[in-house]
Amino acid sequence: MKKSVIRAIQETLQREFVLEKPTNLSFGHYATPIAFSLAKELKKSPIAIAEEICAQFDLGDIFQEVTPIKGYINFKLSESFLDQYATWVIQNEALFGKDDQTETILLEYVSANPTGPLHIGHARGAVFGDALARIGKHLGYKITTEYYVNDAGNQVDLLGLSLYLSGREHILGLHVNWPEEFYRGEYIIDLAHVAKTELGSTIFEDEANIKMLSIWGKDKMLELIKSNLADVGIEFEQFVSEKSLYDKWDESFVKLQKNDKTYEEGAKIWIRSTELGDEKDRVVVREDGRPTYLAGDIIYHDNKFQRGYDRYINIWGADHHGYIARVKAAINFLGYDEQKLEVLLAQMVSLLKGGEPYKMSKRAGNFILMSDVVSEVGSDALRFVFLSKKSDTHLEFDVDVFKQEDSNNPIFYINYAHARINQIFSKAEKTLEDVQNITLENLSEEAHNLLFSALLLPEVLEDAFNSRQVQKLTEYLKNLAASLHKFYNENRVVGSADEEKFLKLFAVVALSLRVGLKLIGINAKDKM
RNA sequence: GCGCUCGUAGCUCAAUUGGAUAGAGCAACGGACUUCGGAUCCGUAGGUUGUAGGUUCGACUCCUUUCGAGCGCACCA
């Protein structure tokens with residue numbers, strides 16, 4: 001729709017221009033502020049220029065009106081243009097909003113340590129990444145989703161130790177001297193009981209079993225994480241193990257060395273990340289020869305770039321923001337274009353319960369489990385809340401508010417609009433086939449604008465994806481639902497002279513809601 | 001102390017990325033059918049966009065100042 005409009009305007013203007021949406025639909029469906037930028041050049045007032053330009057326009061099939069308002073040029077689309085598009089959309093629902101982008105993208109997200117279940121902070125990145133993937137794929141991008149499993153570092157050993165000690169205390173009933181650092185969540189005790197069942201309680205009798213427990217526990221935790229994700233309908237296409245890449249270190253290291261981006265000092269190997277804006281050079285190999293976490297990420301990104309995608313998107317927790325510079329530097333040092341890597345940050349989520357703040361601490365174990373929240377508010381509500389806010393700003397929400405399934409929750413409002421349309425169709429005893437070929441003409445201003453709004457979805461999707469701001473889509477869906485409810489309250493449909501026209505109009509609205517919801521991982525309800 | 005992110009209605013958040021009168025929901029108050037399901041709609045009230053400057057036709061958006069918040073500042077991941 002937008003493309004046709006741009007083309008039509010281009011023909012008359014014969015120059016570059018900015019196309020935007022007017023603040024008020026009563027002005028028009030699209031607008032351009034071009035008269036302002038021409039004012040200086042032509043030495044005339046924007047108002048006069050806008051008037052002259054409008055006079056030049058041939059309305060053609062597309063436009064119903066081209067009007068100047070305070071220097072802005074406003075375009076109103078014709079009913080027949082919108083109607084043709086509406087008919088096509090109804091007949092091709094699966095193609096609505098599809099685009100033919102060709103870029104290949106590797107999207108990495110969640111990548112939480114396999115040492116415990118997902119908590120509410122992970123959920124935000126998870127839901128955001130999933131929505132981005134769904135929208136991007138709809139637009140034609142070749143997106144591969146990937147989860148990086150940190151199965152190589154200390155934290156896995158710590159998991160084994162925690163399981164071992166927990167088993168000794170809770171299963172063998174022995175006194176345990178807990179070290180300063182260990183995983184203390186209740187899931188550790190649960191897991192120790194599983195270990196007892198699967199491996200026998202003798203496993204807790206010998207320290208030599210810690211190593212084995214850590215590997216066993218890591219696999220169990222990964223399974224748990226996968227099931228946490230499955231509960232909200234998220235499935236990854238690929239899992240990449242940090243450990244499995246470790247023997248490629250030499251290969252990556254040689255590249256860095258060849259480019260003279262590493263040096264040895266104090267028996268450690270450092271990378272010259274300050275050259276590209278990092279605060280300090282970083283150690284990549286310790287004195288004892290063990291590579292650091294950064295080394296793991298260097299190998300991983302080397303591996304990613306070898307796979308030859310056009311673009312790489314990583315969604316990280318905001319606490320990793322200081323890490324971006326060094327990873328980008330490393331990518332550059334390996335000889336790749338670091339511009340291809342885009343790091344999106346998912347900010348912290350502060351959870352409230354009855355107004356009381358919850359402080360989350362990953363190690364201490366008093367964090368909120370994602371699965372708990374999902375079972376309280378449901379996958380749909382969780383998704384919608386998280387996707388309604390910009391991912392990179394702090395978000396606060398109270399679980400209690402989303403416990404009740406009422407109008408406080410916007411997802412119910414949207415579903416209600418969808419279900420309402422469904423109801424009207426059955427009340428009118430009509431089907432889509434009955435109305436899809438009805439011609440939409442002589443519509444009221446409100447109907448005309450509602451039709452336009454419903455057909456706007458493709459542009460919203462494009463905008464949401466390109467700016468990586470999924471809240472544009474949720475905002476759109478809320479607004480469209482609101483327009484529908486408003487229209488419903490002001491117009492009688494069943495039995496009216498315009499019944500069939502309105503039904504066709506509503507069908508497009510429902511379709512737009514349905515497709516939009518689907519792209520954020522929610523199935524629209526036909527009945528409430 | 002340094003760096004990153006941010007500060008918008010009482011609360012939770014938007015604002016077409018520099019455009020028109022800064023908008024929604026919740027909370028408050030007042031209204032609307034003999035329901036195409038009121039799980040809806042309409043209205044009222046609420047703002048010097050933290051503060052102080054600057055850039056230009058035009059600033060919530062960009063630059064500078066200052067105050068405040070969160071997160072980082074490992075040879076942990």
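Each chain gets a letter, A, B and so on, in the order its sequence line appears, and its residues count up from 1.
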Go through the steps to decide whether A:Y30 and A:F452 satisfy the test ring-ring contact (aromatic ring centres under 6.0 Å, His included), and finish with yes or no. CA-CA 11 Å; A:Y30 290 99; A:F452 170 75; 5.6 Å; yes
Stepwise side-chain hydrogen bond (donor to acceptor under 3.5 Å, both in side chains) test for A:Y476 and A:S453: CA-CA 9 Å; A:Y476 167 76; A:S453 300; over 6 Å; no
Using a heavy-atom cut-off of under 4.0 Å over every strand shown, decide if A:F36 touches base, sugar-phosphate, or nothing. base
Using the C1' atoms only, state how far B:rA9 lies from B:rG23, rounded to an integer number of Å. 10 Å
Pairs under 3.5 Å (N/O, protein and nucleotides 42-50 of chain B):
{"unit_1": "B:rC42", "atom_1": "OP1", "unit_2": "A:K486", "atom_2": "NZ", "d": "3.3"}

Is the A:F487 ring parallel, tilted or perpendicular to the A:F506 ring (thresholds 30°, 60°)? perpendicular
Rounded distance [0.5 Å steps], CG in A:D380 versus CG in A:L517: 8.5 Å
Has A:Y72 got its ring stacked on B:rA20, by the test of a centre gap below 5.5 Å and a plane angle below 30°? yes
Just to be sure I understand the rule, does A:S45 reach a base, reach only the sugar-phosphate, or reach nothing, if contact means heavy atoms closer than 4.0 Å? nothing
Determine yes or no for a side-chain-to-main-chain donor-acceptor pair under 3.5 angstrom, with A:D463 supplying the side chain and A:E459 the backbone. no
A:R468 to A:F465 six-membered ring, cation-pi geometry met (6.0 Å, 45°): yes
Between B:rU66 and B:rU56, how far is it from one C1' atom to the other, in whole Å? 25 Å
Please state how far atom NE2 in A:H485 lies from atom C1' in B:rC33, giving the value in whole angstrom units. 17 Å
Would you say the side chain of A:N74 and the base of B:rA20 hold a donor-acceptor pair, judged only by whether the two atoms sit under 3.5 Å apart? yes
Ignoring hydrogens and geometry beyond distance, is the side chain of A:H320 in donor-acceptor contact with the base of B:rG72 at under 3.5 Å? no
Any side-chain N or O of A:Y323 below 4.0 angstrom from OP1/OP2 of B:rA77? no
Ranking B:rA20, B:rG3, B:rA39 by distance to the side chain of A:E279, first place goes to B:rG3
Just checking A:E475: base, sugar-phosphate only, or nothing, at a heavy-atom cut-off of under 4.0 Å? sugar-phosphate
If I take atom CD in residue A:E462 and atom C1' in nucleotide B:rU17, what distance separates them, rounded to the nearest angstrom? 15 Å
Taking B:rU17 as the reference, what is the distance to B:rU61 when you measure between their C1' atoms (whole Å, please)? 7 Å
Value in whole Å for how far the P atom of B:rG3 lies from CG of A:D319: 20 Å
Taking the C1' atom of each, how far is B:rC33 from B:rC41, in whole Å? 11 Å
Could you check whether the rings of A:H320 and A:W316 sit parallel, tilted or perpendicular, using 30° and 60° as the cut-offs? tilted
Send over the distance from A:L345 CG to B:rG3 C1', rounded to a whole Å. 14 Å
From CG of A:L294 across to P of B:rC73 the rounded distance in Å is 13 Å
Checking A:Y187 side chain against A:T115 main chain: does a donor-acceptor pair fall under 3.5 Å? yes
Provide the distance between the two P atoms, one in B:rG18 and one in B:rU12, to the nearest whole Å. 27 Å
Would one find a side-chain N or O of A:Y413 under 4.0 angstrom from OP1 or OP2 of B:rA24? no
Gap in Å between the two P atoms, one belonging to B:rA24 and one to B:rG47, rounded: 16 Å
Residue-phosphate contact under 4.0 Å: A:Q469 side-chain N/O, B:rU16 OP1/OP2: no
If you pin A:K478 and A:L395 to their nearest nucleotides in RNA chain B, which one's is more 5'? A:L395
Nearest-angstrom distance from the residue atom CG of A:N489 to P of B:rC41: 7 Å
Just by distance, no angles: are the side chains of A:N74 and A:T67 close enough, under 3.5 Å, to form a donor-acceptor pair? no
Please assess A:K504 against A:E500 for the test salt bridge (charged side-chain N to carboxylate O under 4.0 Å, His left out), listing each intermediate value before the final yes or no. CA-CA 6 Å; A:K504 179 174 179 181; A:E500 290 182 318; over 6 Å; no
Position toward the 5' end of RNA chain B (nearest nucleotide), A:I69 or A:E287: A:I69
Choosing from B:rA20, B:rA74, B:rU17, which nucleotide comes nearest the side chain of A:F27? B:rA20
Which of B:rG19, B:rG38, B:rA14 is nearest the side chain of A:R420? It is B:rG38
Round to a whole Å and report the spacing from NZ of A:K389 to P of B:rU8. 14 Å
Taking any heavy-atom pair under 4.0 Å as a contact, classify A:A31: base, sugar-phosphate, or nothing. base
How should the glycosidic conformation of B:rU5 be described, syn or anti, under the criterion that syn lies within 90° of 0? anti
Over all strands shown, is A:P22 touching base, sugar-phosphate only, or nothing at heavy-atom distances under 4.0 angstrom? base
Write down the distance separating the C1' atoms in B:rG7 and B:rU44, rounded off to the nearest Å. 29 Å
Considering just the side-chain nitrogens and oxygens of A:K70, establish if one lies under 4.0 Å of OP1 or OP2 belonging to B:rU21. yes
Whole-Å gap separating C1' (B:rG7) and NZ (A:K390): 11 Å
For nucleotides B:rC60 and B:rG53, find the distance between their P atoms and express it as a whole number of Å. 15 Å
Of the listed nucleotides B:rU40, B:rA20, B:rU5, the one nearest the side chain of A:Q347: B:rU5
Test the A:R420-A:Y488 pair against the cation-pi criterion, namely NZ or CZ under 6.0 angstrom from the six-membered ring centroid and within 45° of the ring axis. yes
Nucleotide-level pairing of RNA chain B, given in dot-bracket where Watson-Crick and G-U pairs need both distances under 3.5 Å and | marks other strands: (((((((..((((.....[...)))).(((((.......))))).....(.(((..]....))).))))))))....
Is A:D278 touching bases, backbone alone, or none of the nucleic acid, heavy atoms closer than 4.0 Å? nothing
Can you confirm whether A:E433 is buried at CD, in the sense that more than 12 heavy atoms of other residues, nucleotides or ligands lie under 6.0 Å from that atom? yes
Looking across every strand, which nucleic acid part, if any, lies under 4.0 Å from A:N491 by heavy atom: base, sugar-phosphate, or nothing? base
Do A:K44 and A:E52 pass the salt bridge (charged side-chain N to carboxylate O under 4.0 Å, His left out) test, and can you show the C-alpha distance, the side-chain angles, and the key distance before you say yes or no? CA-CA 11 Å; A:K44 279 193 226 170; A:E52 281 173 32; 3.1 Å; yes
